[in-house]
Amino acid sequence: MAMEGNCSLEFFPPKTSAGLDKLLSSTLPALWALNPDYCSVTYGAGGATRSTTVATVTALQELGYDVAPHLSFGADDRTTIEALIRRYQDQGVDRLVALRGDLPSDVDSAHELIHASELVSLVRATTGDHFDIAVAAYPEIHPEAEGYDRDIHFLKEKLDAGANSAVTQYFYNVEAYFYFLDRCAAAGITQPIHPGIMPITNFANLQRFSAACGAEIPRWIAQRIADFGDDSESVYKFGIEVVSQLCATLVESGAPAIHFYTMNQAEPICTIAQNVGLGRNGGGNAGNSAVHQSVA
Ligand code: FAD
């Protein structure tokens with residue numbers, strides 16, 4: 001089975017104009033050499049980054065990048081979200097990543113979050129087939145899910161509401177992703193489920209974030225990194241090796257294009273992509289030995 005494309009790239013909206021300049025002038029051009037299908041821009045919990053997300057999406061679009069804004073209801077009403085959807089349509093954006101999102105800490109915890117399936121339905125009701133819509137999927141299961149099969153049931157619900165594909169939460173257990181694909185297929189899901197990949201760079205931050213979002217860091221990885229102590233260079237090299245190996249396995253299995261959580265950094269993704277052969281020949285098919293040689 002062949003890869004569908006090279007990859008896609010996720011960015012967060014920089015808070016400052018200096019941060020946006022850096023993204024546009026160096027990070028993105030370096031990463032665009034990988035020939036990605038599109039890039040996406042996250043949307044802060046509860047709409048906290050609405051203006052910076054819109055500004056970043058608009059700047060990327062003006063430079064000709066194919067961009068997918070992330071969107072969730074958060075604490076906003078239907079009229080506000082409809083207006084944002086129409087605004088994106090009017091300015092020629094044709095992709096969206098539709099999410100429920102999480103509540104920011106300063107919003108009343110009694111506020112009811114609106115599921116991603118409802119947002120997908122709203123996008124379709126407002127703009128028909130204009131947008132290519134991606135939704136989130138969880139190979140290790142969403143932390144609030146009522147159960148494994150229930151989570152897949154609700155994934156199917158949002159795909160049935162009109163989403164075109166899913167992108168997964170990041171994972172380091174490749175078996176979890178393959179098993180998840182099998183269960184999704186058994187549930188009748190036919191849309192592509194793109195593996196989301198997070199490089200291992202700042203391990204302390206990654207551990208904190210993983211605990212909250214329900215992505216498991218395998219014990220052997222945590223133990224190995226603990227051994228490196230303050231040796232950040234060894235942590236970085238080990239992280240590149242582990243994630244390159246993970247990506248090589250995905251590429252060899254014929255997984256759909258990898259979605260990279262870039263954390264607005266070019267170097268780790270470029271090194272991983274080079275190790276795996278992504279961006280060279282439209283898909284990449286490097287074997288394990290190539291990965292081991294180049295990270296040795
Ligand atoms: P949903 O699909 O609505 O699911 C949330 C939970 O509710 C799940 O447990 C599900 O099983 C359950 N559920 C779904 N439908 C129903 C129903 N009808 N009845 C009962 N239970 C139901 N967060 C951000 O704040 N900004 C971002 O930009 C962002 N980007 C992301 C990109 C990707 C690729 C991924 C994987 C996650 C992203 N997130 C982002 C995190 C995401 O918002 C959280 O994981 C959030 O908790 C769930 O969002 P969802 O869209 O998966 O929600």
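When a ligand or atom number is given, it counts from 1 through the structure's own listing order. The structure displayed is predicted, hence computed values, not measured ones. In this chain, numbering begins with 1 at the start of the sequence shown.
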Please indicate whether any nitrogen or oxygen in [X] is less than 3.5 Å from any nitrogen or oxygen in ligand 1.
X: Glu146; value: no
X: Tyr138; value: yes
X: Thr168; value: no
X: His70; value: yes
X: Gln169; value: no
X: Val97; value: no
X: Ala116; value: yes

Parallel, tilted or perpendicular: rings of Tyr170 and Tyr261 (30°, 60°): perpendicular
His142, portion touching ligand 1 at heavy-atom distance under 4.0 Å: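 His142 to ligand 1: side-chain contact only, backbone stays beyond 4.0 Å.
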Single hit among Trp32, Tyr38, Phe11 for ring-ring contact (aromatic ring centres under 6.0 Å, His included) with Tyr65: Trp32
Does a donor on one side chain sit under 3.5 Å from an acceptor on the other, for [X] and [Y]?
X: Asn164; Y: Gln191; answer: no
X: Thr42; Y: His70; answer: no
X: Gln169; Y: Glu140; answer: no

Using heavy-atom distances only, which candidate in [options] approaches [atom] most closely?
atom: atom 50 (P) of ligand 1; options: His115, Arg100, Glu118, Glu10; result: Arg100
atom: atom 43 (O) of ligand 1; options: Gly101, Pro13, Gly147, Ser40; result: Gly101
atom: atom 39 (N) of ligand 1; options: Thr53, Leu99, Asp102; result: Leu99

Can you list the ligand 1 atoms lying under 4.0 Å from a non-hydrogen atom of [X]?
X: Ala136; result: 35 (C), 36 (C), 52 (O)
X: Val167; result: 34 (C), 36 (C)
X: Ala145; result: 9 (O)
X: Thr42; result: 28 (O)
X: Lys158; result: 1 (P), 2 (O), 50 (P), 51 (O), 52 (O)
X: Asp151; result: 8 (C), 9 (O), 10 (C), 11 (O)

Atom 21 (N) of ligand 1 - nearest protein heavy atom and its distance: Phe154 CE1, 3.4 Å
Protein heavy atom at shortest distance from atom 24 (C) of ligand 1: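 For atom 24 (C) of ligand 1, the nearest protein heavy atom is Tyr43 O, 3.5 Å.
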Ring-ring centroid check Tyr179 Tyr148, cutoff 6.0 Å: yes
Salt bridge flag under 4.0 Å for residues Arg100 and Glu144: yes
Flag, side chain of Ser117 to backbone of Lys158, donor-acceptor distance under 3.5 Å: no
Point-to-point distance, once rounded to the nearest 0.5 Å, from [atom1] of [X] to [atom2] of [Y]:
X: Ser165; Y: Ile189; atom1: OG; atom2: CD1; value: 12.0 Å
X: Gln223; Y: Arg219; atom1: CD; atom2: CZ; value: 4.5 Å
X: Gln207; Y: Ile225; atom1: CD; atom2: CD1; value: 8.0 Å

If you measure from each heavy atom of [X] to ligand 1, is any distance below 4.0 Å?
X: Ala45; result: yes
X: Glu157; result: yes
X: Glu144; result: yes
X: Tyr261; result: yes

CA sep, side-chain torsions, deciding dist, call: Lys15, Thr52, side-chain contact (heavy atoms from CB on, under 4.5 Å): CA-CA 7 Å; Lys15 286 196 185 108; Thr52 48; 5.7 Å; no
Shortest non-hydrogen contact between Ser72 and Ile81, atoms and distance: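 Closest pair (atom of Ser72, atom of Ile81, distance): O-CD1, 3.6 Å.
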Path from Val120 to Ile85 over hydrophobic side-chain contacts below 4.5 Å: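 Linked within one cluster.
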